[in-house]
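Just so it is clear: chains get the letters A, B, ... in the order the sequence lines come, proteins before strands, and each one is counted from 1.
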Protein chains: 2
Amino acid sequence: MPRPQRITRIETVMEAVRARITARSYVPGTRLPSVRAQAATLQVSVSTVVEAYARLTAEGLISPRPGAGFHVSGPVAPLALAGMDPPRDRQVDPLWLARQSLEHEPGMLKPGCGWLPEDWMYVEGIRRGLRSAARADAAALADYATPLGLPALRQLLARRLAGYAIDAAPEQIMLTESGSHAVDLICRFLLSPGDTVLVDDPCYFNFLALLKAHRVNVVGIPYTPTGPDVEAFSAALQAHSPRVYITNSGIHNPTGATLSPVTAHRLLSAADSSDLVIIEDDLFADFEHAPAPRLAAFDGLSRVIQVGSFSKTLSASVRCGFIVARGDWIEGLADLKIATSFGGGRLAADILLTALTASGYRRHVEAVRTRLASARDTTLARLAPLGIRPWVVPQAGMLLWCQLPDGVDAANIARRCLAEGIVLAPGNAFSPSLAAAGFLRFNAAQAQDRRVFEVLARAMRG
Amino acid sequence: MPRPQRITRIETVMEAVRARITARSYVPGTRLPSVRAQAATLQVSVSTVVEAYARLTAEGLISPRPGAGFHVSGPVAPLALAGMDPPRDRQVDPLWLARQSLEHEPGMLKPGCGWLPEDWMYVEGIRRGLRSAARADAAALADYATPLGLPALRQLLARRLAGYAIDAAPEQIMLTESGSHAVDLICRFLLSPGDTVLVDDPCYFNFLALLKAHRVNVVGIPYTPTGPDVEAFSAALQAHSPRVYITNSGIHNPTGATLSPVTAHRLLSAADSSDLVIIEDDLFADFEHAPAPRLAAFDGLSRVIQVGSFSKTLSASVRCGFIVARGDWIEGLADLKIATSFGGGRLAADILLTALTASGYRRHVEAVRTRLASARDTTLARLAPLGIRPWVVPQAGMLLWCQLPDGVDAANIARRCLAEGIVLAPGNAFSPSLAAAGFLRFNAAQAQDRRVFEVLARAMRG
């Protein structure tokens with residue numbers, strides 16, 4: 001019979017294991033630390049751990065496997081992305097917001113979603129690309145792509161990048177299935193579970209879900225109207241030794257703000273003596289009237305990897321993204337792409353190349369820019385009487401990051417509007433620290449229906 | 001000055017750390033075990049580890065980070081897939097083989113690749129799908145797909161699955177970017193680094209690269225002409241508590257063999273009391289003359305997840321795969337798909353649906369089956385005079401797993417043939433235990449050029 005003091009220690013060990021199971025840091029199937037390692041970690045004797053494991057086994061919480069230690073009991077443990085850290089209600093859960101935006105329910109208005117209505121996209125170019133592809137040779141229609149993807153599209157991208165002062169050879173560009181796929185591949189290439197990743201606070205909400213899938217720690221850096229707060233960034237570098245920082249340049253999601261050259265310089269200087277890699281997701285480039293600074297240009301693709309896609313201006317239905325990086329990294333990324341999605345397809349790249357090189361694309365993009373400028377003005381004018389004000393007035397793009405009147409909770413407003421068929425994007429879905437309860441992200445192009453503002457006004461009256 | 005015995009112990013610790021860095025089990029950036037944990041693991045005193053870490057720091061091999069322990073020095077440590085375990089020469093490296101097969105070099109013949117020549121594919125159906133898509137509404141051309149993907153395609157798949165006695169509602173089917181993407185998503189859903197996964201020995205070579213990206217242990221189960229060796233499978237379940245078993249049914253890659261009903265039953269019975277999940281990659285289904293047993297049918301989609309794609313009969317250029325699984329798993333997989341590749345595209349699914357529902361598809365597939373039967377006969381007849389014999393004569397499909405005469409090494413033959421523009425697939429690229437040095441995988445459809453056999457004959461003469 002163990003003495004009382006030892007019973008307390010046994011219970012301490014049991015409680016430590018139970019707490020980790022509850023927090024899903026030990027999921028079913030996880031192998032527990034060996035008795036010896038657990039004893040060292042918790043500073044108790046080996047026999048205390050043996051007794052604790054035996055009792056947890058009797059409780060059915062863990063089970064021994066012959067020759068393979070103790071494992072958390074239960075059925076196979078799938079990776080549960082639902083349930084973020086810190087915990088959040090459904091309305092501000094990034095995955096829930098993504099699903100709401102992606103589901104096609106007739107009659108719903110989506111001023112919270114992050115893309116243009118389909119009739120703002122370059123549909124005519126896609127039709128042209130499809131007609132051209134229908135006449136292509138059999139290899140283009142049936143075969144896998146080469147490891148890096150269609151050379152002509154990579155050459156075109158290299159020329160476009162030069163316009164942003166980014167000097168990249170076509171061999172430094174790899175096509176992917178989408179922009180999200182590109183970010184995900186880079187994360188798989190660079191990150192191990194338990195690493196720390198910096199994101200902007202607020203940031204694109206799906207980065208939070210993506211990083212959860214990578215089982216890494218996320219640290220938010222407050223975003224200012226000229227880019228990330230460099231002091232907070234430097235402090236986070238010191239405190240957390242992060243492996244990666246993910247941001248947008250060009251047009252920041254969700255704020256619509258633009259990185260200033262001074263912030264770009266100071267940010268890169270702060271990272272100078274670190275091993276940090278910066279992923280610059282540049283998906284709104286074509287909306288800019290004049291190009292803002294790109295970290296990839298300042299840095300010369302040394303520690304910066306750029307990601308882009310065609311999903312915001314051309315089509316989200318034709319899947320194709322790209323990665324621009326150092327040559328040695330592109331090799332490793334190509335291996336990883338082949339291992340996890342084999343060759344990739346040729347067809348989407350062919351269709352996009354046709355659409356991009358059509359003379360109409362430039363005109364289309366210019367028309368969209370002008371139309372967006374007017375849509376931003378209209379939207380802000382309709383929000384002002386409700387006391388909803390922009391945190392910054394964006395120079396370009398569809399996004400408006402707006403502050404609600406004091407004390408109004410965006411998640412509540414979003415819940416009420418959803419009941420009336422309006423999908424909003426409450427600020428905390430974008431905030432790793434849940435510091436944006438008073439914000440909503442609007443999409444000016446998706447907010448052209450007056451019903452959005454009528455429902456919103458009702459929701460704000462409670 | 002430490003005593004000699006202690007110096008030995010310090011060196012032991014240093015050597016242990018160095019060995020792990022060399023083996024890349026500690027990659028640059030890895031945090032070393034704490035001094036206390038390392039001391040417990042290596043059964044030395046804390047001060048011995050402190051001294052060892054200090055010396056490794058002086059050597060520049062590791063470096064302290066304030067408040068965050070010691071880390072392996074060096075630049076950011078990307079995931080290096082090249083370099084498999086056990087080590088293999090380039091010729092039998094799965095990634096190298098994939099790249100060789102995917103690169104488009106004019107004039108190369110590829111009897112080792114795993115897909116049909118483009119003019120054997122259903123190119124007319126794809127053209128029809130493209131023309132039809134060019135007239136589709138703007139949403140189909142520009143918008144994201146819904147989370148599970150095009151309902152009409154999922155309904156069609158549910159009807160097809162019923163033909164294999166697999167009872168799945170359309171809500172149990174999720175579209176993915178490709179079959180490889182499907183397998184990868186399931187692995188991400190179920191696996192953690194360090195888990196054990198069973199594969200067939202030999203297996204589809206890219207599974208080995210894919211599983212390396214998941215940082216899991218791979219255990220091979222010898223494959224017999226009627227399916228995996230059930231005794232070895234049972235023994236591996238006991239010995240390794242694997243989380244997942246990945247296999248093909250219908251037509252096995254690389255052997256072309258077919259699972260028998262008896263083996264299917266015995267395999268599932270052996271797994272009965274385990275937590276094992278079985279991924280059944282069924283990508284060659286349309287080549288079968290009569291459907292072989294499917295594990296997903298026997299098991300009722302309880303522990304079996306089925307994966308398929310259209311890349312082998314319709315087009316590898318139009319990307320689309322699918323997962324068939326339990327409803328609760330489909331929900332988790334959809335979350336993971338959204339987090340890592342967002343919505344996915346609509347266009348590929350639209351094009352494939354048009355092609356699949358065209359009356360010509362069935363005729364196309366029947367013609368390919370007949371053509372393949374004749375190509376298999378021709379290929380085996382041309383291999384016989386070289387002393388190259390099939391391990392099993394497949395009932396259907398393009399794959400022929402062939403044994404070379406005693407003492408002839410497939411990697412050498414592949415090297416010589418490559419120099420003459422012929423890409424072969426040497427057996428050990430498919431074998432986790434490197435037990436297939438005397439085998440080559442031939443693709444009957446890609447071996448119709450007599451030059452293949454002339455070069456092969458020369459290579460075998462040395």
As an exercise: rank [options] by heavy-atom pairs under 4.5 Å with chain A and give me the winner.
| options | answer |
| --- | --- |
| B:Arg36, B:Arg131, B:Arg319 | B:Arg319 |
| B:Leu210, B:Thr340, B:Leu314, B:Val123 | B:Thr340 |
| B:Gly345, B:Ala142, B:Ser315 | B:Ala142 |
| B:Leu141, B:Thr146, B:Val244 | B:Leu141 |
| B:Pro33, B:Ala139, B:Pro193, B:Ala213 | B:Ala139 |

- Query: Do the numbers put B:Arg326 on top of the ring of B:Trp329, so that NZ or CZ is under 6.0 Å from the six-membered ring centre and no more than 45° off the axis?
  - Reply: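 Geometry flag: set, cation within 6.0 Å and 45°.
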- Worked check of side chain to side chain donor-acceptor pair (under 3.5 Å) between A:Asp195 and A:His214: CA-CA 9 Å; A:Asp195 282 345; A:His214 287 276; over 6 Å; no
Heavy-atom distances under 4.5 Å only: say whether [X] touches chain B with side chain, backbone, both or neither.
| X | answer |
| --- | --- |
| A:Ala136 | backbone |
| A:Glu105 | neither |
| A:Lys337 | neither |
| A:Ser178 | side chain |
| A:Ala140 | backbone |
| A:Arg135 | backbone |
| A:Ala145 | backbone |
| A:Arg188 | both |
| A:Asp137 | backbone |
| A:Ile351 | side chain |

- Check the pair A:Arg215, B:Ser192 against side chain to side chain donor-acceptor pair (under 3.5 Å), reporting the backbone distance first and the verdict last. CA-CA 10 Å; A:Arg215 310 173 202 217; B:Ser192 297; 2.8 Å; yes
Does the [X] side chain pair with the main chain of [Y], one donor and one acceptor, at a distance under 3.5 Å?
| X | Y | value |
| --- | --- | --- |
| B:Ser317 | A:Leu347 | yes |
| B:Asp143 | A:Glu118 | no |
| B:Arg128 | B:Ala355 | no |
| A:Glu177 | B:Glu177 | no |
| B:Arg243 | B:Leu191 | no |

- Determine the option with the most heavy-atom pairs under 4.5 angstrom with chain B, choosing from A:Ala40, A:Ala39, A:Ala133.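 When all of A:Ala40, A:Ala39, A:Ala133 are compared, A:Ala133 has the most.
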- Against chain B, work out which of A:Asp119, A:Leu130, A:Leu116, A:Leu148 has the most heavy-atom pairs shorter than 4.5 Å and name it.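 Looking at each of A:Asp119, A:Leu130, A:Leu116, A:Leu148 in turn, A:Leu130 comes out on top.
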- Item | Under 4.5 Å from any heavy atom of chain A - which part of B:Ile126 |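 Only the side chain of B:Ile126 comes within 4.5 Å of chain A.
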- Item | Which portion of B:Gln38 sits near chain A, non-hydrogen atoms under 4.5 angstrom |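 For B:Gln38, no heavy atom lies under 4.5 Å from chain A.
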- Could you grab the distance from atom CG of A:Leu150 to atom CZ of A:Arg346, nearest 0.5 Å is fine?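 So the gap between those two atoms works out to 7.0 Å.
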- Item | Pair B:Glu331-A:Arg99, salt bridge (Lys or Arg N to Asp or Glu O under 4.0 Å): steps then yes or no | CA-CA 11 Å; B:Glu331 281 305 299; A:Arg99 282 196 169 221; 3.0 Å; yes
- Item | B:Phe205 side chain reached by B:Leu95 side chain, heavy atoms, under 4.5 Å |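 Side-chain contact under 4.5 Å: no.
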- Test item: A:Thr196 and A:Ser241 side chains (from C-beta on) under 4.5 Å apart, heavy atoms: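 No, side chains not in contact.
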